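First up is the structure itself, then whatever we jot down about it.
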Amino acid sequence: MATTQKTASPKKTGFQGVRAAFWIIVACFIIAICIFKFILGNPSNFVNNDPEGAVLNGNLLGTIYKGGMVVPLIHTLLLTVIALSVERYIALKSAFGKMALPKFTAEVKAAVKAQKFDEAQALCDKMRGSVANVVSASLNAYKEMEATQGIKKAQKVAKIQQAHEEATQLEMPTLQMNLPIIATIVTLGTLTGLLGTVTGMIKSFAALAAGGGGDSLALSTGISEALINTAFGILTSWCAVVSYNTYTNKIDKLTYALDEVGYTIAQTYEANHTEEV
């Protein structure tokens with residue numbers, strides 16, 4: 001009669017990431033409002049200390065302030081990208097463990113092929129993180145299948161592979177956490193910048209239509225708002241694209257390494273065990 005044991009779930013170690021990303025966005029919005037009101041809107045940036053008046057010649061902060069209320073919205077998105085990028089960097093660094101991934105993969109594969117499973121487990125204990133969790137689950141499944149009687153070798157190999165896949169799936173949500181928010185900001189940054197561009201151009205055309213030649217201050221203010229918001233929208237999307245692609249690439253490398261080790265463990269079992277009669 002077959003006897004099976006339930007594979008233990010990998011233990012979560014290290015920094016797993018911030019699950020309540022909503023509060024990060026709220027904090028970034030508050031910071032953006034403070035920057036807009038107290039730094040960009042500082043009276044010293046304007047002629048006669050009047051934020052509603054003209055900007056001092058060459059004053060960049062005052063020029064950005066003239067971008068209007070869309071500016072803090074775009075700054076919120078930009079600060080969110082920066083904050084979540086730092087959060088993902090720390091989380092993925094913890095997930096990758098304490099050893100270089102190529103070195104760990106090579107040493108574990110060598111230990112498994114030599115059937116030195118205690119040595120492979122010791123490497124996992126040293127490595128820690130998501131990678132070590134998944135490999136440990138595969139090693140535990142290997143040991144369990146050696147103690148299991150009454151099922152075919154192909155089924156045992158399949159169970160080892162299944163344990164590896166389940167452990168990988170348990171780790172993936174942690175690795176990919178908050179990346180969808182960064183991916184969304186890729187589009188939102190551009191669209192918000194475009195919104196600011198449109199509102200700025202509306203002000204410019206309104207100034208041209210008023211009083212014949214138009215109010216030069218209102219005209220310049222509208223153009224300034226359009227250009228500032230366009231620039232920050234592009235900058236926000238650029239940062240979000242770089243961040244998202246960088247971390248997605250890191251996760252792909254980690255997944256490929258895990259698949260390689262999992263395949264090695266399963267094939268080692270198949271090569272070292274004969275079919276039970």
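What you see is a predicted model, and the numbers here were worked out from it, not measured in a lab.
No donor-acceptor distance shorter than 3.5 angstrom exists from the side chain of Gln267 to the backbone of Thr264, with no hydrogens or angles considered. Judged by distance alone, with hydrogens and angles left aside, the side-chain atoms of Glu87 form a donor-acceptor pair with the main-chain N or O of Val18 at under 3.5 Å. Lys153 places no side-chain N or O within 3.5 Å of a backbone atom of Ala271 that could act as its donor or acceptor partner. With Lys113 contributing its side chain and Thr268 its backbone, the two residues share no donor-acceptor pair below 3.5 Å. Formation of a donor-acceptor pair under 3.5 Å by the Asn45 side chain with backbone atoms of Pro51 is not found in this model. Listed for the Lys109 side chain is no donor-acceptor partner under 3.5 Å among the backbone atoms of Val261. Although no hydrogens or angles enter the test, the distance criterion places no donor-acceptor pair under 3.5 Å between the side chain of Asn178 and the main chain of Arg19. The backbone N or O of Ala141 lies less than 3.5 Å from no partner atom in the side chain of His164, so there is not a single donor-acceptor pair. With hydrogens and angles disregarded, no donor-acceptor distance shorter than 3.5 Å links the side chain of Ser94 to the backbone of Ile90. Proximity of a side-chain donor or acceptor of Thr199 to a complementary backbone N or O of Gly196 within less than 3.5 Å is detected.
In this view, Lys250 satisfies the salt bridge (Lys or Arg N to Asp or Glu O under 4.0 Å) rule with no residue, not counting sequence neighbours. Residues that satisfy the side chain to side chain contact (heavy atoms under 4.5 Å, CB included) test with Leu188, not counting sequence neighbours, are Leu77, Thr184.
The environment of CG in Asp252 is crowded: more than 12 heavy-atom neighbours from other residues, nucleotides or ligands sit within 6.0 Å. Counting non-hydrogen atoms of other residues, nucleotides and ligands closer than 6.0 Å to OH of Tyr244 gives a total of 12 or fewer. Within 6.0 Å of NZ on Lys143 lie more than 12 heavy atoms contributed by other residues, nucleotides or ligands. In the displayed structure, Asp50 atom CG is contacted under 6.0 Å by more than 12 heavy atoms of other residues, nucleotides or ligands.
Counting only residues at least two apart or on different chains, the ring pair (Phe, Tyr, Trp, His ring centres under 6.0 Å) pairs with a member in residues 88-139 are Phe117-Tyr142.
A distance of 10.0 Å separates CG in Leu258 from CD in Glu260, rounded to the nearest 0.5 Å. Atom CG in Asn49 sits 8.0 Å away from atom CG in Leu56 (nearest 0.5 Å). Rounding to the nearest 0.5 Å places CD1 of Ile35 at 10.5 Å from CG of Leu61. Leu84 contributes atom CG, which lies 10.0 Å from atom OH of Tyr247 (distance to the nearest 0.5 angstrom). Interatomic distance, CG of Leu79 versus OG1 of Thr76, reported as 6.5 Å (0.5 Å rounding). Of the inter-residue distances, the one linking Gln176 atom CD with Arg88 atom CZ reads 9.5 Å to the nearest 0.5 angstrom.
In this structure, Val157 and Gln161 have side chains that are in contact, with non-hydrogen atoms separated by less than 4.5 Å. Looking at Met172 and Thr255, their side chains come closer than 4.5 Å, going by heavy atoms from C-beta outward. For the pair Leu194 and Thr190, the minimum side-chain heavy-atom distance is 4.5 Å or more. Inter-residue side-chain proximity for Ile24 and Cys28 is flagged as met; some heavy-atom pair is nearer than 4.5 Å.
Leu195 and Ile202 fall into different hydrophobic clusters, where Ile, Leu, Val, Met, Phe, Trp and Tyr side chains are chained together by heavy-atom contacts under 4.5 Å. Residue Val86 is grouped with residue Val81 when hydrophobic side chains (ILVMFWY) are merged at heavy-atom distances under 4.5 angstrom, including chains of intermediate members. Following chains of ILVMFWY side-chain contacts shorter than 4.5 Å, one cannot reach Leu179 starting from Met177, and the two form parts of different hydrophobic clusters. Hydrophobic clustering, with ILVMFWY side chains joined whenever heavy atoms are under 4.5 angstrom apart, groups Val70 together with Ile228. Under the 4.5 Å side-chain heavy-atom criterion for grouping Ile, Leu, Val, Met, Phe, Trp and Tyr, Ile74 is not connected to Val241 through any hydrophobic cluster.
The shortest heavy-atom contact between Tyr65 and Phe46 is CD2-CZ, 3.4 Å. The shortest non-hydrogen separation linking Ile265 to Ser138 is CD1-CB, 3.5 Å. Pairing each heavy atom of Ala95 with each of Leu175, the nearest pair is CB-CD2, 3.3 Å. Across Ala132 and Cys124, no two heavy atoms sit closer than the pair CB-O, 3.2 Å. Counting all heavy atoms, side chain and backbone alike, Ala226 lies closest to Thr230 at O-OG1, 2.7 Å.
Applying side-chain contact (heavy atoms from CB on, under 4.5 Å) to Phe29 and the options Val26, Ile25, Ile33 leaves one that passes, Ile33.
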Subject >> Stepwise side-chain contact (heavy atoms from CB on, under 4.5 Å) check, Met99 with Glu107 >> reply: CA-CA 11 Å; Met99 297 172 57; Glu107 291 184 1; 3.6 Å; yes
Subject >> Verdict with reasoning, Val47 to Val55, per side-chain contact (heavy atoms from CB on, under 4.5 Å) >> reply: CA-CA 6 Å; Val47 176; Val55 179; over 6 Å; no
**OP:** Apply side-chain contact (heavy atoms from CB on, under 4.5 Å) to the pair Lys159 and Ile151, showing each step before the final yes or no.
**Re:** CA-CA 11 Å; Lys159 286 184 178 293; Ile151 61 176; 4.1 Å; yes
Subject >> side chain to side chain donor-acceptor pair (under 3.5 Å) between Gln121 and Ser136, worked out >> reply: CA-CA 6 Å; Gln121 186 60 55; Ser136 292; 3.2 Å; yes
Subject >> Cys239 and Ile82: CA distance, side-chain angles, deciding distance, side-chain contact (heavy atoms from CB on, under 4.5 Å) verdict >> reply: CA-CA 8 Å; Cys239 291; Ile82 295 172; 5.8 Å; no
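Under the 3.5 Å distance criterion, with hydrogens and angles disregarded, no donor-acceptor pair is assigned to the side chains of Gln169 and Glu165.
Here His75 and Phe232 bring their ring centres to under 6.0 angstrom of each other.
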